[in-house]
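A short write-up of the structure that comes next.
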2 protein chains.
Amino acid sequence: MEISERKKKILAAVVDEYILTAEPVGSKALAEKAGLGCSSATIRNELAELVNMGYLEQPHTSAGRVPTPLGYRMYVNELMQKQKLSLEETEELNLRLEKKLNELDNTISDVSRLASQLTNYPALALSSRSQVTIKRFDIIYVDANTFIIVVMLDNNTVRNKLVHLPVSVDEGMVKKLSTMFNASFTGITDSQITPVLINSTERAADDSLGLTSVIAAFAMEVLATEAAPAAFVTGENRLLNQPEFRDPDKAHRLMSYLSSGGYILPPGEDLGDANEVRVLIGPENVAEELKDSSVIVASYDAGDGTKGLIGVVGPTRMDYSAIASKLSFLAQGLSRRLGGGEAPVEGMHNKLIIKGDDSDKR
Amino acid sequence: MEISERKKKILAAVVDEYILTAEPVGSKALAEKAGLGCSSATIRNELAELVNMGYLEQPHTSAGRVPTPLGYRMYVNELMQKQKLSLEETEELNLRLEKKLNELDNTISDVSRLASQLTNYPALALSSRSQVTIKRFDIIYVDANTFIIVVMLDNNTVRNKLVHLPVSVDEGMVKKLSTMFNASFTGITDSQITPVLINSTERAADDSLGLTSVIAAFAMEVLATEAAPAAFVTGENRLLNQPEFRDPDKAHRLMSYLSSGGYILPPGEDLGDANEVRVLIGPENVAEELKDSSVIVASYDAGDGTKGLIGVVGPTRMDYSAIASKLSFLAQGLSRRLGGGEAPVEGMHNKLIIKGDDSDKR
DNA sequence: TATTAGCACTCGAAATAAATGAGTGCTAAC
DNA sequence: GTTAGCACTCATTTATTTCGAGTGCTAATA
């Protein structure tokens, strides 16, 4: 059955109201509030049909209506009016983002914390880099048994490691290795560091002590660590703000799932296109623990291979529009800031594209 | 009034039972369980006196007795029988500690997580180093506008920073500065890096570009960061396991206090002597938010200036003995492991000294 | 044909009442 | 000093009632 314009209006009104109050909404309230010129009886008829169509449900016979996941999906896809952030909000967000990003470089966790603060929901942040390579090796000779490996990555971050050896090395060997690594191990990825390469380098350097493999191992470790997606979940306790989590057991279950680093997005799911906001509603989630919660994530892409996500988790009754705007804004800010560009321009957050899993898995 | 031997036994029995069940304990249950050869009537008389003395209280007239903070204090100081960990537990703890410590170097947060897992309470870990100094500087020339500062601290950790300059430097200057910093900035603490020292170095190096201050600033930053106590709180959500936190608001209040990095120990309180376990019961805590919770912390001291704490937070009804043993064991493990000694020996955890704030602040 | 007023009906939530029983304090006997 | 006995208290549990928001349906209306 096609859904009429009026039904859409009513559905939207129900969702809006329910998001606000967390209480089933009845025909009378709708007739009064939402400015659709018809009586509660008419609305009752429409509501009954919306229930038939699967967009709404009744907790019990004599209660108002509550949106089903399908109802939310419809709302998110078609009905919800995309919020624009006010100028003040924009300023505020910008300021706080700037501050976080300038402070230190544990950015992912900080960004997650920020998102959680701003939305008052548990938040997640995820970041990964593709195609990480090393740009430069320096090996510092400290003493006969000690040296420091310093590598500079293609995005100009620097990593180091102190190596203690049971055997003595001379400074010349260290210098030689440094040169060789700069020649053969720069500009290549994790997977290109093969045993063959290591062996040939070892032979060429005339290294009988296994230094080559120590350095190569470190290089691989750094590349792997850097490329591995890092994820942070923060603010789990904010779940307790939500009436649907007043049951401590229910709250605890989800909170420990979130804390335990369980998958929030389908494993292997790609990070999405930049500036895209995705919404997963209730049963659309793959993780059993999230089946009656919703997830909203925004993707960012810094351009230099660093991509990531920021998102929040909450009950299906979330203010999708407001949260999507904020997350989208943050994600765009990140794209710009991490990409090394200048500070974000206000108003740029309007390119809000909402996309979601539309398959009906109820 | 002096507390008789029998009263002590009864008090201990009440606390033990209450810790177990979280329910007020009555005279009858005590007469049956605790093997003190007297009837419930006698015990009732004793209980009434224990209430008078302030060690117990009644939620209401016709309920059993519950320990007051003073009662817990007495229990912790005198009555509780110090648990020894079983051999299996020791093994288990050792194994898990080893694993954590070997894995990576984000130790404090990991140790906190471990403590939380083992006790099933929110846990905190705090660590600080005194007298940090730099052992060695290396400055790597990358290109005319870029160099990397690498410093090695007295505990052999290495820190680095990439510096981009708007002006050009030549390799000679960098070399010169490297030498000078190794001569004048090693072996000194944060506070010894004075403007005077920086100025004189700058002049001596004939550095008109301000490189000296950049490097000195980094040195100071590293020293300050390293010396500043780092604190971690993890597993806040485990509070929800406790019946006294079934009220979501109460739980939320404490959880967000913990997450927000609020003081758990009195600010400025020293880290305590190694192998000492401190217990703060209810109102003994300074933070308003902790007034009806208890904190148990164990101190460790790695010997090289690294000191710290691990502890847990929970309701006043906690299994003080069991938790103190576990924390003490972990702390001793840390003292040994961080101090660079060999792996901990089993059985060494018996030196369990419990000390606490004994002032009666009820 | 679509809308609406009217009304009986449903059913959860809130309020009220009654029953239960664990645990007490006190008294009197041992 | 200890204990059996007993009346009493009071939170908790269970049962009962009341209340009202909201419904579905019918019949009148535009």
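Just so it is clear: chains get the letters A, B, ... in the order the sequence lines come, proteins before strands, and each one is counted from 1.
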The side chain of A:A41 lies closest to which of these nucleotides: C:dA5, C:dG25, C:dC11?
C:dA5

Rounding to a whole Å, what distance do you find between A:E23:CD and D:dA21:P?
13 Å

Is there a donor-acceptor pair under 3.5 Å between the side chain of A:N285 and the backbone N or O of A:G282?
yes

Interatomic distance, A:E46 CD vs C:dT4 C1' [rounded to whole Å]
13 Å

With a 4.0 Å cut-off on heavy atoms, is A:S40 in touch with a base, just the backbone sugar-phosphate, or nothing at all?
nothing

Given DNA chain D, 5'-ward residue of the pair A:A29 and B:C38, judged by closest heavy atom
B:C38

Please tell me which of the listed nucleotides, D:dT3, D:dT23, D:dA11, lies nearest to the side chain of B:S39?
D:dT3

Per salt bridge (charged side-chain N to carboxylate O under 4.0 Å, His left out), B:E46 is matched among B:K7, B:K9, B:K8 by B:K7

Spacing between A:R6 atom CZ and C:dT4 atom P, to the nearest angstrom:
8 Å

So which nucleotide from D:dT23, C:dT10, D:dT3 ends up closest to the side chain of A:S27?
D:dT23

Quick one: does any side-chain atom of B:T316 pair with a main-chain N or O of B:S293 as donor and acceptor, under 3.5 Å?
no

Take the protein atom NZ of A:K28 and the nucleotide atom C1' of C:dA5, then report the distance between them rounded to whole Å.
13 Å

Using whole Å, report how far CG of A:L56 lies from C1' of D:dG22.
15 Å

Separation of D:dG24 P from A:E49 CD (nearest whole Å):
11 Å

For atom CG of A:N45 and atom P of D:dA27, their distance in whole Å:
15 Å

Side chains of B:P315 and B:F245: closer than 4.5 Å at any heavy-atom pair?
yes

Using whole Å, report how far CZ of A:R44 lies from P of C:dT4.
11 Å

Among C:dT4, C:dG25, D:dT9, which is the nearest nucleotide to the side chain of B:S62?
D:dT9

Closest non-hydrogen atom pair between A:V76 and A:Y320, with its separation:
CG2-CG, 3.8 Å

Which one, D:dA11, C:dT3, C:dT24, comes nearest to the side chain of B:H60?
D:dA11

